[in-house]
Number of protein chains: 2
Amino acid sequence: MKPPRSSKKDVFLRYKLWLSAVSGEGIIEENQYLLLRSIEEKGSLKAAAEVLGTSYRKAWGDIKNAEELLGYELTEKQRGGIDGGKSTLTSKAKKLLEAYDALHKKMDTAIEDAYEDFKESIK
Amino acid sequence: MKPPRSSKKDVFLRYKLWLSAVSGEGIIEENQYLLLRSIEEKGSLKAAAEVLGTSYRKAWGDIKNAEELLGYELTEKQRGGIDGGKSTLTSKAKKLLEAYDALHKKMDTAIEDAYEDFKESIK
DNA sequence: CCGCGATATGTAATAAAACACATATCGCTA
DNA sequence: TAGCGATATGTGTTTTATTACATATCGCGG
């Protein structure tokens with residue numbers, strides 16, 4: 001297998017989408033989205049963090065940060081009790097996830113549409 | 001001036017767009033774009049870095065990295081000579097900037113279009 | 001042929017972000 | 001009421017990214 005005649009390498013377009021507060025800080029991006037979805041599924045922050053392979057400490061901090069910047073709660077927390085505690089999504093969080101989903105789909109479409117033109121124009 | 005009744009803060013959508021190599025590493029994003037534009041204008045990497053308020057060392061490293069990942073030169077470098085040296089854009093770099101511009105405009109439009117829907121759906 | 005100013009590049013110092021670890025609190029259940 | 005498991009949070013440690021500093025090379029012009 002010989003190397004390609006041209007030394008040009010394949011190039012891809014990537015983008016990252018996030019919600020930010022006026023300060024410019026991030027609130028919700030891919031990781032937080034996945035974390036919230038995972039909480040929704042598992043019913044606990046601890047289990048959700050494990051699924052994503054991240055630490056409870058970080059997951060907790062991310063949620064706290066997002067809630068503070070948004071100004072409202074994303075999760076309903078419960079300490080103690082039969083299973084030690086749990087976390088569930090608030091209705092606002094669910095709405096947010098749906099909206100994020102829809103937005104991401106639109107952006108995906110936009111970038112797909114633009115990708116061919118892009119590749120053509122850098123030839 | 002009293003605080004708003006609601007504790008909700010304004011939220012904005014932000015995105016970052018970049019070219020990446022297969023490895024997933026970034027090549028060109030906003031900073032590199034601005035750096036290249038600045039080189040185009042100033043005719044030197046040193047002057048361009050100063051304009052952007054960054055160090056020559058970092059600017060040089062960024063360009064080098066991008067060129068290695070792309071597999072072709074973005075700048076024509078000249079050491080020594082009447083003015084000590086200079087850097088100018090290759091035609092490929094110019095094409096890349098144009099393509100990046102066009103892409104960014106399309107994405108801006110897409111996100112603008114989606115923004116109102118987004119805000120509405122998280123109410 | 002020396003000095004100027006820009007490119008070229010290694011390495012040390014610093015700052016910022018992530019992660020690891022420790023500890024406290026809560027409410028059910030045995 | 002002691003213990004279990006999850007939430008809650010401070011703090012030290014490590015990793016990573018950025019900046020700073022130092023030095024070399026190049027080619028023209030005086």
Side-chain angles (χ1 to χ4, degrees), chain A residues 16 18 20-21 23-32 34-36 38-70 72-90 93, chain B residues 14 16 18 20-21 23-32 34-36 38-69 72-90 93:
Chain A
K16 187 176 148 182
W18 72 98
S20 86
S23 64
E25 288 172 276
I27 296 184
I28 304 286
E29 46 89 37
E30 201 67 23
N31 287 336
Q32 279 83 344
L34 291 172
L35 181 59
L36 287 169
S38 195
I39 290 171
E40 185 174 39
E41 193 195 338
K42 295 290 180 180
S44 107
L45 179 54
K46 185 166 192 288
E50 269 163 25
V51 168
L52 300 193
T54 184
S55 70
Y56 174 84
R57 185 65 181 79
K58 172 156 171 49
W60 177 85
D62 284 353
I63 296 291
K64 172 119 196 248
N65 179 247
E67 290 178 335
E68 266 167 20
L69 290 174
L70 283 171
Y72 55 86
E73 303 287 297
L74 292 169
T75 61
E76 206 89 43
K77 297 97 171 169
Q78 219 170 94
R79 287 208 292 193
I82 174 131
D83 44 13
K86 57 180 182 164
S87 292
T88 54
L89 298 191
T90 61
Chain B
R14 298 242 181 283
K16 186 176 148 182
W18 71 97
S20 88
S23 65
E25 286 173 277
I27 297 183
I28 303 286
E29 45 90 35
E30 202 65 25
N31 287 336
Q32 278 83 342
L34 291 173
L35 182 58
L36 288 169
S38 196
I39 290 172
E40 185 174 40
E41 193 195 337
K42 293 292 178 180
S44 107
L45 179 55
K46 185 164 192 287
E50 268 163 26
V51 168
L52 299 192
T54 183
S55 69
Y56 174 84
R57 185 64 181 79
K58 174 157 170 46
W60 177 83
D62 284 352
I63 296 290
K64 172 119 195 247
N65 179 248
E67 289 178 335
E68 266 167 20
L69 291 174
Y72 57 84
E73 302 287 298
L74 292 170
T75 60
E76 206 88 44
K77 296 98 169 168
Q78 216 170 94
R79 289 209 290 193
I82 174 130
D83 44 12
K86 57 180 184 165
S87 291
T88 54
L89 298 191
T90 62

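Each chain gets a letter, A, B and so on, in the order the sequences are listed, and its residues count up from 1. It should be emphasised that the depicted structure is a prediction, and the values quoted were computed from it without experimental measurement. Side chains included, hydrogens not; waters and symmetry mates left out as well; all remaining heavy atoms used.
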Beyond-backbone contact of A/Lys42 with A/Lys46, side-chain heavy atoms, under 4.5 angstrom:
no
Answer yes or no: is there a side-chain heavy-atom contact under 4.5 Å between B/Val51 and B/Leu35?
no
Provide, to the nearest angstrom, the distance between the CG atom belonging to A/Asp62 and the P atom belonging to C/dA17.
13 Å
Are B/Glu67 and B/Thr75 linked by a side-chain donor-acceptor pair shorter than 3.5 Å?
yes
Atom NZ of B/Lys58 and atom C1' of D/dT16: how far apart are they, to the nearest Å?
13 Å
Please report, rounded to the nearest Å, how far the P atom of C/dA18 is from the CG atom of A/Asn65.
11 Å
Closest non-hydrogen atom pair, A/Gly80 against A/Asp83
O-OD1, 4.5 Å
Does the cation-pi check pass for A/Lys16 over A/Trp18, that is, NZ or CZ under 6.0 Å from the six-membered ring centre and within 45° of its axis?
yes
Double-helix bend of the helix from C/dC1-D/dG30 to C/dA30-D/dT1, axes at both ends from 5 pairs, round to 10°, gives 20°
State whether the side chain of A/Thr90 and the backbone N or O of A/Leu74 hold a donor-acceptor pair below 3.5 Å, judged by distance alone.
yes
Applying side-chain contact (heavy atoms from CB on, under 4.5 Å), can you list everything that pairs with A/Gln78, at least two apart in sequence or on another chain?
A/Lys86
Do nucleotides 4-16 of chain C as a string where each nucleotide becomes B, S or -: B if the base has a protein heavy atom under 4.0 Å, S if just the sugar-phosphate does, - if no protein is that close.
-BBBBBB------
Length of the line joining A/Gln32:CD and C/dA18:C1', which is rounded to integer Å:
14 Å
Checking B/Thr54 against B/Asp62 for the side-chain contact (heavy atoms from CB on, under 4.5 Å) test, could you report, in this order, the C-alpha distance in whole Å, the side-chain angles of both residues, the deciding distance, and whether it holds?
CA-CA 11 Å; B/Thr54 183; B/Asp62 284 352; over 6 Å; no
